[in-house]
Amino acid sequence: MAAPIITVEGLCYNYGKLAAVDNINFSVKKGQIFSFLGPNGAGKTTTINILTTLLPVQIGKITISGFDIKQQPDEVRRCLGIVFQRETLDWNLKVWETLEFHGRLYSIPKNPRKARIDELLQIVELTDKRNEFVKNLSGGMKRRLEIARGLMTRPHILFLDEPTIGLDPHSRMKIWHYIKKVNEEGVTIFLTTHYMEEADQLSDEICIMDKGKIITNGTSEQLKNSLGRDMVYLETANDEKSIRLIQKLPEVTNVRFFSKGLLVDLKAEGAHFIPKIMETIRNERIEVSGINLKKPTLDDVFIYFTGRGLKEENGGIVSN
Amino acid sequence: MRTDFMTVYWRDMKKFFRSKYVLITSLIQPALWLAIYGLSMSGSFDLINTGTSLRPGFVSVDYLTFMAAGVVSLTILFTCLYSGTYVQFDMQFGLMKEMVASPIKRSHILLGLSLSGLTKALIQTIIILGFGLILGVKYFVGFTILNMLFSVLGIFLFVVLFSMGLMFLALTLGITIEGHDSIQSVITLLTLPLFFASNALYQMNSLPLAIQIASSFNPLSYFINGIRYFSIGQKFYSMGTYYEFGTIDMLVSLAVISIFTIAMYLLAMRAIKRAKMI
């Protein structure tokens, strides 16, 4: 197993009395694509800001590439490439100047800097935009330029905070392609995203955060399997009553409101369980107006862990 | 010596020379002050000068020459303080974040940004002094060549020191204050008393006592005294007043400006270290 390149132990961060990050522990293995998921306000960006030295470490210990972030922030900064959530490009600079400026900030000598700019523009397919002003680029191109900038310094770790937010599907696919390519060259990727599909496509490991805590982590497969094998979605004439009936079945791990009906998490295989559900509900003379077998997606995992399941807490309702 | 600040300077100057409106207005504005305000006022003030017999050793100086130093100070004050709005823009749009997250030292970020303000200030000073000559400002009257060279260096030194100090103040404001409207109004509020409670446009001893006292804490007055020392001389007469400003007075001014600049640097360092970069 690869050695961890980031280790976070007992990290807490408070804004006044509000605990934005509440005693989290995790590690990222070298060469991984590591995804950090969580709803808005979960503490993801605060964590990223601490990892990238923009916020101080209040409590806890962080080691990145062997350097303690508190003791050696400059060494840590040299190991990192960052693509911020919000666009941070200077519109009055040209494409190549954006990279030139960044290279100079990290004191890369002139010749390697030039070579690196050429190489990166080629990777993100912006060579023909080299002398264009940043303000004239499309949203997708700007994002690609930011990724190229993040890679200027040959970082060990590239932080991507919501890299494809607001992009059309085609641009998004392109960015995914670059992220994979960069990762194959040995750069560890730390990704946060709201798009589950993105995390599913790219990640080796996923960590879900909510209310300042890490709720679960594992590979995409592990997380999906943790929900049970299958799910059944059904719409009935009386959902309240149906819940009580279904909950009693031994194969059921969880039932919750979802969309216009109910979502049932199962231990058993769904195809063979549907008749049993139908029978149970019909016996009470409740009409079933729709039924559908679902394999869990990362979306389901996310909603399961960050919402409130009915079996854990009383009366929680999750709608999509 | 590390020259990381040159990277920050490079970007800022590129932007300056590219934003045509900023470039053109910043070059025209000081010339307009001198041409419109200077020429109109000198018509009235020079009436006071005529007909008086001078004490020996004093040079009579017309109003345009007297106020040229004031226009230099005004221009530097405005150019530098309003740079605070650009810094705030960098903060707001995350460009400062790129710099702060890089290994470049905070002091170099401040130095690079203030050097660009200083460059603008120097270019403007040269324009004012050059344009002044066309309008009939008389500098260096009775100076030897060596004296003149020394004076140009002196003006250079004062402009460098003072505009650095003002830039550090502007950076502090730009880093600390959130919101474009807020910073505009704070800067406007600051420039007004700094400029009018100084000896830029008129002599001090005719002002109300309270303003005179306030003015003795005003670094702008010390700056202007320095510029007048080098551009006009130690003893001159203007608008019914005799001015004597010896070398020691000049050195005191230099010391005051230096203290101001160092204090502003410390303030800016404190601001950038405490800044929220999110």
Does A:F34 have A:K29 sitting over its ring (NZ/CZ under 6.0 Å from centre, angle to axis within 45°)?
no
Contact part of A:L89 toward chain B, heavy-atom cut-off under 4.5 Å: side chain, backbone, both or neither?
backbone
Structural part of A:L93 lying under 4.5 Å from a heavy atom of chain B:
both
With distance as the sole test, does B:S253 use its side chain to make a donor-acceptor pair with the main-chain N or O of B:F223 at under 3.5 Å?
no
Against chain A, work out which of B:E98, B:M6, B:K15 has the most heavy-atom pairs shorter than 4.5 Å and name it.
B:E98
The interface call for A:F133 against chain B, heavy-atom contacts under 4.5 Å, is side chain
Within the distance-only criterion (no hydrogens, no angle test), does the side chain of B:T79 pair as donor or acceptor with the backbone N or O of B:I76 below 3.5 angstrom?
no
Using the six-membered ring of A:W91, assess whether NZ or CZ of A:K142 lies under 6.0 Å from its centre and within 45 degrees of the ring axis.
yes
Does the plane of the ring in B:W33 sit parallel, tilted or perpendicular to the ring in B:F195? Use 30° and 60° as the thresholds.
perpendicular
Engaged part of A:F101 at the chain B interface, taking heavy atoms whose separation is under 4.5 Å
both
Residue part contacting chain B, namely of A:E97, when any heavy atom lies under 4.5 Å
both
Quick one: CG on B:L171 to OG on B:S83, what's the gap to the nearest 0.5 Å?
8.0 Å
For chain B, which candidate among A:Q85, A:H102, A:E87 shows the most heavy-atom pairs at distances under 4.5 Å?
A:H102
Hey, which of A:N92, A:D74, A:D90 has the most heavy atom pairs under 4.5 Å with chain B?
A:D90
